[in-house]
Amino acid sequence: NKWWIWIIIGIGAALAISVIFCLGCTLRRKNKTQVDGKLNQEKVLHEIGDNAVISDKASSIEIDGQEKS
């Protein structure tokens, strides 16, 4: 007579597990996106820093060239 109670409990547990799984996947994807964004930002800043160092060297060479002539 009470078999329907176990069916309801099973359906509720299956729904709860599904919701927890979906939330976990969503949070993991969001975290991965944020980490990838930070890594890309650091990469761009590193490239800009390298270019700035190169431009500083180039401008000092030009200044040295102008002073010598």
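Residue numbers count from 1 along this sequence. Keep in mind the model is a prediction, meaning the values are calculated, not measured.
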[X]: side chain to side chain contact (heavy atoms under 4.5 Å, CB included) partners, not counting sequence neighbours:
| X | value |
| --- | --- |
| Val44 | Ile48 |
| Leu23 | Val19 |
| Ile11 | Ile7, Leu15 |
| Cys25 | Phe21, Arg28 |

If you look only at distance, which donor and acceptor atoms sit under 3.5 Å apart when one is on a side chain in residues 32-39 and the other is two or more places apart or in another chain?
unit_1: Thr33; atom_1: OG1; unit_2: Arg29; atom_2: O; d: 2.8

Exercise for the section: Check the pair Leu45, Gln41 against side-chain contact (heavy atoms from CB on, under 4.5 Å), reporting the backbone distance first and the verdict last. Expected result: CA-CA 6 Å; Leu45 288 175; Gln41 183 180 17; 4.2 Å; yes
Problem - ILVMFWY cluster, Ile8 and Ile5 together (side-chain gap under 4.5 Å) - result: yes
